Amino acid sequence: MSDLERVLALTEELLRIESVTGDEGELGDWLEARLRQRDPHTLIRAGHSLCFAMRPPDPDKATLMLVGHTDTVPPADENPVRRQDDCLFGLGASDMKAADAVLLDAIERDPDCRYNLVGVLYAREEGPFVDSEMPQIIEAASDWFDRTDLAVCMEPTDNQLELGCLGTCHATVRFGGQRAHSARPWQGDNAIHKAAGLLTTLAGLEREEHLFHGLTFYEVLSATMVDYRGARNVVPEEFVVNVNYRFAPDKDEADVRARLDSLVGEDATYELDDFCPAGRVCGDNPLLEDLREVAPSDLSVRAKQAWTDVGRLSRLGIDAINWGPGATSQAHQAGEWVSIEAIERSRVTLAAWLGG
């Protein structure tokens with residue numbers, strides 16, 4: 001069996017084990033059993049998440065951590081696991097079971113490489129920030145996280161380097177009013193109308209450019225959901241707007257609250273929900289320079305215009321990047337697929353990086 005065929009077969013095995021967020025137990029059991037058969041030096045499980053390494057750490061080597069999540073979003077359609085043309089289809093193919101297979105195969109082959117190599121496969125990434133099992137595996141395998149010099153979140157990036165990541169949060173903004181019959185609105189106070197100023201402001205906002213290590217991140221604020229109390233012939237006493245704020249890598253929670261304070265003003269109250277910290281741009285990390293030396297000549301470097309656990313790892317003081325074989329255009333899509341050529345490209349590049 002060729003190296004590529006081995007990784008493709010492993011990807012297909014992972015795809016056939018359903019692991020929608022919150023239901024990763026079967027896949028966690030399968031991964032643990034597989035790894036135990038290979039007699040690893042380290043195998044730590046927390047919940048349905050795993051940290052593993054084949055060799056003990058060498059104090060004279062830097063430590064490279066390969067990170068992937070095991071869960072998928074719920075299915076959008078019937079998408080059986082299959083190969084078709086140059087693509088491998090299945091729920092989670094691009095986001096991110098092909099990357100999990102590349103990661104797992106690289107570590108299982110017990111490479112005596114130029115780094116200490118450790119893998120992390122964790123559950124519940126696709127759900128709310130507070131529900132992720134990443135904190136559990138960080139606590140259980142703290143020694144490995146403490147010694148990590150660079151973590152690679154192998155999220156879909158089309159095999160291009162994406163540095164840092166935007167932070168994200170949701171603010172539940174509430175406008176209060178007075179309920180009334182819509183035939184006599186003067187007897188009430190329309191909560192929907194009171195939101196007009198906020199919605200007009202949001203509609204007029206342009207994306208804001210922020211530069212880090214020569215990479216451009218765009219800050220954006222958007223109203224994404226609304227809710228109200230009443231019926232179509234009732235002036236509502238409450239109107240709720242969900243505001244999603246994607247913020248630059250140099251902002252913390254205090255900065256975010258200050259921006260929301262100025263935006264919401266005195267006409268409403270808000271609650272800050274599901275705050276996910278931004279990720280630092282570690283463009284000068286020496287291990288990243290090693291990757292650039294062996295990567296294909298068309299490797300591009302761009303800003304991560306989204307959120308990943310690069311943000312969580314950055315908050316711990318760990319340099320982290322995004323790089324993986326999945327297609328960004330296929331993440332969470334119906335009929336999801338990953339390019340077989342992209343899987344091979346990732347496998348070969350990673351082997352060259354580890355081998356020096």
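Small disclaimer: the values here were computed from a predicted structure and weren't measured. No hydrogens, no waters, no symmetry mates; every other heavy atom, side chains included, goes into these values.
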Q: Do Asp273 and Cys169 have side-chain heavy atoms sitting under 4.5 Å apart?
A: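 Of all side-chain heavy-atom pairs linking Cys169 with Asp273, none is under 4.5 Å.
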Q: Salt bridge or not between Asp298 and Arg345? Use side-chain N to carboxylate O under 4.0 Å.
A: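 Arg345 and Asp298: salt-bridged.
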Q: Look at the side chain of Ser142 and the backbone N and O of Ile138, then say whether any donor-acceptor pair between them is shorter than 3.5 Å.
A: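 Not confirmed, Ser142 side chain does not pair with Ile138 backbone.
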Q: Judged by atom type as modelled, is there a donor-acceptor pair below 3.5 Å linking the side chain of Arg82 to the main-chain atoms of Pro80?
A: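 Side chain of Arg82 to backbone of Pro80, a donor-acceptor pair under 3.5 Å: yes, one is there.
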Q: With the 4.5 Å side-chain cut-off for hydrophobic clustering, are Leu299 and Val102 part of the same group?
A: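 Looking at the clustering, Val102 is in the same group as Leu299.
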Q: In this structure, are over 12 heavy atoms from other groups packed under 6.0 Å from Glu78 atom CD?
A: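 Not buried by this count: 12 neighbours or fewer within 6.0 Å.
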Q: Using modelled atom types only, decide if a donor and an acceptor are shared between the side chain of Arg38 and the backbone of Arg34 within a distance under 3.5 Å.
A: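 Here the side-chain-to-backbone pair exists.
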Q: For Ser19, run the side-chain hydrogen bond (donor to acceptor under 3.5 Å, both in side chains) check against Glu26, His48, Lys97 and tell me which one passes.
A: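 Considering Glu26, His48, Lys97, a side-chain hydrogen bond (donor to acceptor under 3.5 Å, both in side chains) with Ser19 is found only for Lys97.
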Q: Once salt bridge (Lys or Arg N to Asp or Glu O under 4.0 Å) is applied, do any residues pair with Glu208, and if so which ones, sequence neighbours excluded?
A: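 Expected list: Arg259.
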Q: Just do the side chain to side chain donor-acceptor pair (under 3.5 Å) check on Asn244 and Thr224 with the steps written out, would you?
A: CA-CA 7 Å; Asn244 181 214; Thr224 57; 5.9 Å; no
Q: Please list all pairs meeting ring pair (Phe, Tyr, Trp, His ring centres under 6.0 Å) that have one or both residues in residues 117-142, counting only residues at least two apart or in different chains.
A: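 Those involving residues 117-142 are Phe129-Trp307.
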Q: If you compare all heavy atoms of Lys194 against all heavy atoms of Gly176, which two are closest, and at what distance to 0.1 Å?
A: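 Answer, listing the atom of Lys194 first, then Gly176: NZ-O, 2.7 Å.
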Q: Give the minimum heavy-atom separation between Leu43 and Glu32, together with the two atoms involved.
A: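 Here Leu43 and Glu32 meet closest at CD2-O, 3.9 Å.
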Q: Inspect the contact between Asp105 and Arg347 and indicate whether a charged nitrogen and a carboxylate oxygen are less than 4.0 angstrom apart.
A: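 Salt bridge absent between Arg347 and Asp105.
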Q: Tell me whether Glu206 at atom CD has more than 12 heavy atoms from other residues, nucleotides or ligands lying less than 6.0 Å away.
A: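 Result for CD/Glu206: open.
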Q: Within the structure provided, determine whether Val152 and Leu291 are in side-chain contact (heavy-atom separation under 4.5 Å).
A: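 Side chain of Val152 against side chain of Leu291, heavy atoms only: no contact under 4.5 Å found.
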Q: So, for Ala62 and Leu287, which heavy atoms are closest and what is the spacing to 0.1 Å?
A: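 So the minimum-distance heavy-atom pair works out to CB-CD1, 3.8 Å.
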Q: Out of Thr70, Ile137, Leu31, which residue meets the side-chain contact (heavy atoms from CB on, under 4.5 Å) rule with Ser49?
A: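 So, applying the side-chain contact (heavy atoms from CB on, under 4.5 Å) to Ser49 and each of Thr70, Ile137, Leu31, only Ile137 qualifies.
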Q: Between the main-chain N or O of Leu215 and the side-chain N or O of His213, is there a donor-acceptor pair closer than 3.5 Å?
A: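 No, His213 side chain to Leu215 backbone: no donor-acceptor pair under 3.5 Å.
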Q: Sequence neighbours excluded and cut-off under 3.5 Å, please list the side-chain donor-acceptor pairs for residues 322-330, or say none.
A:
unit_1, atom_1, unit_2, atom_2, d
Asn322, OD1, Thr308, OG1, 2.8
Asn322, ND2, Glu162, O, 3.0
Asn322, ND2, Gly164, O, 3.0
Trp323, NE1, Asn159, O, 3.4
Thr328, OG1, Asp158, OD2, 2.8
Gln330, OE1, Trp337, N, 3.3
Gln330, OE1, Trp337, NE1, 3.4

Q: Taking NZ, NE, NH1 and NH2 as the nitrogens, is one of them in Glu12 or Arg83 under 4.0 Å from a carboxylate oxygen of the other?
A: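 A salt bridge is present here (some side-chain N lies under 4.0 Å from a carboxylate O).
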Q: Kindly write out the residues that satisfy salt bridge (Lys or Arg N to Asp or Glu O under 4.0 Å) with Asp60, not counting sequence neighbours, or none if the list is empty.
A: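 Scan of Asp60 (salt bridge (Lys or Arg N to Asp or Glu O under 4.0 Å), adjacent residues dropped) gives none.
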Q: Do Leu198 and Val220 share a hydrophobic cluster (ILVMFWY, side-chain heavy atoms under 4.5 Å, transitive)?
A: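 Per the 4.5 Å side-chain linkage, Leu198 and Val220 are not co-clustered.
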Q: Got Ile343 and Leu8 here, is their nearest side-chain heavy-atom distance under 4.5 Å?
A: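 Yes, side chains in contact.
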Q: Is there a path of hydrophobic side-chain contacts, each under 4.5 Å between heavy atoms of I/L/V/M/F/W/Y residues, joining Leu64 to Leu50?
A: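 Yes.
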Q: For Met96 versus Val67, what's the shortest heavy-atom pair and its separation?
A: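 The answer is CE-O, 3.9 Å.
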Q: Is Arg45 salt-bridged to Asp29, cutoff N-O under 4.0 Å?
A: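 Yes.
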Q: Take Asp274 and His170 through the test side chain to side chain donor-acceptor pair (under 3.5 Å) and record every step on the way to the result.
A: CA-CA 6 Å; Asp274 204 18; His170 295 272; 4.9 Å; no
Q: Would you confirm whether Thr148, through its side chain, and Leu150, through its main-chain N or O, come within 3.5 Å as a donor-acceptor pair?
A: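 Side chain of Thr148 to backbone of Leu150: no pair is present.
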Q: Quick one: are Ser300 and Leu161 in side-chain contact, heavy atoms under 4.5 Å?
A: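 SC-SC contact between Ser300 and Leu161 ruled out.
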Q: Does the Glu336 side chain pair with the main chain of Gly92, one donor and one acceptor, at a distance under 3.5 Å?
A: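 Pair found, side chain donor or acceptor close to backbone of Gly92.
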Q: Taking 4.0 angstrom as the limit, do Arg246 and Glu219 come out as a salt bridge?
A: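 Not counted as a salt bridge, because no side-chain N and carboxylate O are separated by less than 4.0 Å.
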Q: Among all residues two or more places apart in sequence or in another chain, which pass the ring-ring contact (aromatic ring centres under 6.0 Å, His included) test with Phe239?
A: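 Listed in chain order: nothing, the list is empty.
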Q: Linking Ile, Leu, Val, Met, Phe, Trp and Tyr by side-chain heavy atoms under 4.5 Å, what else ends up with Val348?
A: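 Members other than Val348 - counting any ILVMFWY side chain reachable under 4.5 Å - there are none.
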Q: Give the minimum heavy-atom separation between Ser182 and Pro185, together with the two atoms involved.
A: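 In terms of heavy atoms, the two residues are closest at O-CD, 3.3 Å.
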Q: Check for me, please, whether Val281 and Tyr218 land in the same ILVMFWY cluster - side-chain distances under 4.5 Å, paths through other members count.
A: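 Cluster IDs for Val281 and Tyr218 differ.
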Q: Looking at Arg55 and Glu108, does any basic side-chain N land under 4.0 Å from a carboxylate oxygen?
A: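 So Arg55 does not pair with Glu108 through a salt bridge.
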Q: Please confirm whether the backbone N or O of Arg124 pairs with a side-chain atom of Glu24, one donor and one acceptor, at under 3.5 Å?
A: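 Yes; judged by distance alone, with no hydrogens or angles, the pair exists.
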Q: Do Tyr270 and Thr172 have side chains that get closer than 4.5 Å, going by heavy atoms?
A: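 They are not in side-chain contact.
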Q: Taking side chain as C-beta onward, heavy atoms only, is Val243 less than 4.5 Å from Leu221?
A: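 Answer yes - side chains close enough.
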Q: Is a salt bridge present between Asp309 and Arg312, judged by a nitrogen-to-oxygen distance below 4.0 Å?
A: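 Arg312 and Asp309: salt-bridged.
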Q: Tell me if the centroids of the rings in Phe275 and Phe247 come within less than 6.0 Å of each other.
A: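 Yes, the ring of Phe275 comes within the 6.0 Å limit of the ring of Phe247, centre to centre.
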Q: Any ion pair linking Arg174 and Asp227 (charged N to carboxylate O, less than 4.0 Å)?
A: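 Judged by the 4.0 Å cut-off on N to carboxylate O distance, Asp227 and Arg174 do not form a salt bridge.
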Q: Would you say that Asp95 contacts Thr72 through its side chain, given a criterion of any heavy-atom pair below 4.5 Å between the two side chains?
A: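 With C-beta onward as the side chain, the pair stays apart.
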Q: Can you spot which of Val120, Leu121, Val118 makes a side-chain contact (heavy atoms from CB on, under 4.5 Å) with Phe52?
A: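 One option only clears the test, and that one is Leu121.
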Q: Which is it for Asn116 and Asp58 under the side chain to side chain donor-acceptor pair (under 3.5 Å) test, yes or no, and what are the steps along the way?
A: CA-CA 6 Å; Asn116 297 315; Asp58 181 340; over 6 Å; no
Q: In the single-linkage hydrophobic clustering (I, L, V, M, F, W, Y; side-chain heavy atoms under 4.5 Å), do Val7 and Trp30 co-cluster?
A: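 Yes, one cluster joins them.
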Q: State, to 0.1 Å, how close Gly127 and Thr21 come at their nearest heavy-atom pair, and which atoms those are.
A: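 Closest approach of Gly127 to Thr21: N-CG2, 3.9 Å.
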Q: Please examine the side chains of Phe175 and Val240, heavy atoms only from C-beta on, and report whether any two atoms are closer than 4.5 Å.
A: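 A side-chain contact under 4.5 Å is absent here.
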